[in-house]
Amino acid sequence: MTYTFKPEPFEPPVRRIDYEKELNPAQYEAVTTLEGPILVIAGAGSGKTRTLVYRLAYLVEHGVDPGAILLLTFTRKASREMLTRAVHLLNQALGQVVGGTFHGICYLWLRQYGERLGYPKGFTVMDRADQGDLLNLLKERLGFKKLSGPFPRKETIAEMLGAVVNKDLSLDFLLSRDYPQFLEQRDHLAKMAAAYQDEKRRHALLDYDDLLLEGRRLLIEHEDVRRHLSNRFRYLMVDEYQDTNRLQAELVQLLAYSHKNVMAVGDDSQSIYSFRGANFRNIMDFPNLFPGTRVIKLEENYRSTQPILDLANAIIAGARDKYTKCLFTRRADGRRPRLFRAATENEQSRLVVAQVQALQEEGTPLSQMAVLIRAGYHSFDLEIELVRNGIPFMKFGGFKFMESAHIKDLLAHLRVVANPKDTMSWNRLLLLVPGVGRATCNKFNAQVQDSFDLADGITWLRQQRRPQELKDLAGLMESLNGPGHTLMTRMNQTLAYYEPLAKARYDDYPKRMKDLEHLVNITARYQELQAFLNDLTLEPPSSLADVVTPTEDYLTLSTVHSAKGLEWDAVFVIWAAEGRFPGFYSQEGDDEMEEERRLMYVAATRARNYLAVIFPSIGYSRQFGMTVNSPSRFIADIPRDLLEPWRAEVEEW
DNA sequence: CGGATCCCGGTTTTT
DNA sequence: CCGGGATCCG
């Protein structure tokens, strides 16, 4: 008898994954449980991403159609990374898996089904600056500008409206609890809120919150859509669940209604988005939302050395709410974390530079080092010092270049093409024209706005006697609206039109032009105008200052928020001083202070081998002049055997 | 309409 | 003390 082995040359070489061997028991359980609700409490560095990636692979290996998997993450970058890793693991394309943020996914579905809710195809997603502009406009229109007495600034109003949605509060309750000083403006604020809603609706504008709200409405009011989506996505995975809010939890519930196959992954100790309505208690609530939830805890840390973990545990041990989760590691050895007291901010910067260089000489590449900050501006001095020393770096988080005026100026021209109802952008681009001021804008609004037609707008521009420049604008708009231009071409046309205006307007015009050219380059990836614009709003590219080519080895500068989920061999936490980290704005409330503590915990747990905490003992602020800083309360009382005080040897110059 | 001046407020974090 | 925003005036 002969046996014939039939090789299968057309099958790709599939790597068989030994799940049991490559995962620890808790991870294995999470990965191999395919049906029903699961909550994975994953401590920092406990292989949370690994678990998600393996589960993705496991699902597909067990015959689940990748198109039936929906991966909800905090950033699109995170979901891309997970997919890439799963593809690598499986050696199989997973292009069908849908992944993204709650906002991004809702946006997708609103584009698809928005007409069911009365939205035109070309609706605009507003960013925070747009919200401010619109609120300002309404404030004026409603005559609240000349109101006597304290009236909240537009940023504050936006914050209040966001809190009402994301924290599910009534305006009255919110005012009396958080803004008692504005309680007397209650009626005015309610009017503002109503006008804001009305204006958005009439002009096809959706702010971030609306994406979630309208997404929810879509699923509630249109049973067929809900059924369709729920049946299509039979496997939901939600990352960073501790940072979701009630509304997002509801969306998950709606999506899962026909199958309850949800895996939520998160860590209550790393909840750092309460200002956005997230509540770390939500994660505890998951089993109530989904009865029969299997809870799995990942407690072994694979990232950090024991000394670093000891410090992190000591930081979180001071938290008001304690959890049963207990992290341990097998990486027993390692350098003790160090606490540096620098004399000044600049000494702090030079200290970082010196250590970065020393680590580099020891063989740690720049890409394996990061400097973490509480707020974007905390690294200004360091950035100068890095440039001076020729150390390439990239900065993440903090100021968004998308919000800078020149970017918004340029994009305004394209935005009205995509959505002619976008009055804010009309106003913005009109005001750029020399000789055009409020009066012209008002005239435009009165005579054209209600037709909401781009062609009418262009005609109006042509009809104007003066200023002459309005004719140029009309020409540009016509060309932008015309057929046969790629997005790139349109961008370049706009840039050509805008350049002289920018030159006249901004002293630092060359720098700004560089930004704009970079923006034009980004355009290459997009075909469609609306997708491009809304993508920029939903996932703006990070800052462009001192950008280096991505292939180059660079040091990471990041806010702690933007560093979530990432890790490096060496981590520096700078400005670990009272008033900065924790910031003085969080001194009032206990909840806020607790969150600052978790933030410090997140920062400390980013480090694999080396952790340095630094603060300058002398600070300078505009308001107070010279100040003496004390170390952050989160590290001040840590015993010396956990955090070694270190005297820096930085040569003076 | 746009430049000048005055006055208030005050530096988070992000989709 | 600096910058943004509102207001005033030419």
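Chain naming here is simple, since letters A, B, ... match the order of the sequence lines and numbering starts at 1 in each. Everything quoted here is computed from the prediction, not taken from an experiment.
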Base, sugar-phosphate or nothing for A:T537? Non-hydrogen atoms, less than 4.0 Å. nothing
For the side chain of A:R374, starting at C-beta, report the closest nucleotide among B:dT15, B:dT12, B:dT11. B:dT12
Using the six-membered ring for Trp and the full ring for Phe, Tyr or His, decide whether A:F275 stacks on the six-membered base ring of B:dT13 (centres under 5.5 Å, planes under 30°). yes
Side-chain N or O of A:R153 less than 4.0 angstrom from OP1 or OP2 on B:dG10? yes
Not counting sequence neighbours, which residues clear side-chain contact (heavy atoms from CB on, under 4.5 Å) with A:K200? List them please. A:M126, A:L134, A:Y196, A:Q197, A:L205, A:D207, A:D210
Are OP1 or OP2 of B:dT12 and a side-chain N or O of A:T559 less than 4.0 angstrom apart? no
How is A:F102 classified with respect to the nucleic acid when contacts are heavy atoms under 4.0 Å: base, sugar-phosphate, or nothing? nothing
Heavy atoms only, 4.0 Å cut-off, all strands: where does A:K564 land among base, sugar-phosphate and nothing? nothing
For B:dC1, take OP1 and OP2 only and decide whether either is under 4.0 Å from a side-chain N or O of A:T440. yes
Would you verify whether the NZ or CZ of A:K48 falls within 45 degrees of the ring axis of A:F74 while also being under 6.0 Å from that six-membered ring's centre? no
Which whole-number value in Å describes the distance from A:R580 CZ to B:dT11 P? 12 Å
Donor-acceptor pair under 3.5 Å, A:R128 side chain vs B:dT15 base: no
Does A:N419 reach the main-chain N or O of A:A204 with its side chain, forming a donor-acceptor pair under 3.5 Å? yes
Span that lies between the P atom of C:dG4 and that of B:dT11, in whole angstrom: 15 Å
Between B:dT12 atom C1' and A:F584 atom CZ, what is the distance in whole Å? 10 Å
note: A:L599, atom CG; B:dT14, atom C1'; distance rounded to Å ~ 12 Å
Consider side chain to side chain contact (heavy atoms under 4.5 Å, CB included). Of A:M600, A:E595, A:E596, which one does A:R598 pass it with? A:E595
Provide, to the nearest angstrom, the distance between the CD1 atom belonging to A:I105 and the P atom belonging to B:dT15. 15 Å
Specify the separation, in whole Å, of atom CZ of A:R598 and atom C1' of B:dT13. 13 Å
Rounded distance in Å - CD (A:E155) to P (B:dG9): 13 Å
Check salt bridge (charged side-chain N to carboxylate O under 4.0 Å, His left out) between A:E250 and all other residues, then give those that pass, not counting sequence neighbours. A:R216, A:R246
Determine the interatomic distance between P on C:dG3 and the same-named atom on B:dT12; round to the nearest Å. 16 Å
Close N/O contacts between protein and nucleotides 2-8 of chain B (under 3.5 Å):
unit_1 : atom_1 : unit_2 : atom_2 : d
B:dG2  : OP1    : A:G435 : N      : 2.4
B:dG2  : OP2    : A:V436 : O      : 3.1

Does B:dT13 have its OP1 or OP2 closer than 4.0 Å to a side-chain nitrogen or oxygen of A:S562? no
In plain terms, say whether A:E539 and A:R80 are close enough for a salt bridge, that is, a side-chain N and a carboxylate O under 4.0 Å apart. no
A:A375 has its side chain closest, among B:dT14, B:dT13, B:dT15, to B:dT13
Listed nucleotide nearest any side-chain atom of A:N136, set C:dA6, B:dT11, C:dG5: C:dA6
Between CD1 of A:I157 and P of C:dG5 the distance, given in whole Å, is 14 Å
Give the rounded distance in Å between these two atoms: CD of A:Q131 and C1' of B:dT15. 11 Å
Parallel, tilted or perpendicular: which fits the ring planes of A:F581 and A:F634, with parallel below 30° and perpendicular above 60°? perpendicular
Tell me which one of A:R276, A:K564, A:H561 satisfies side chain to side chain donor-acceptor pair (under 3.5 Å) with A:D243. A:K564
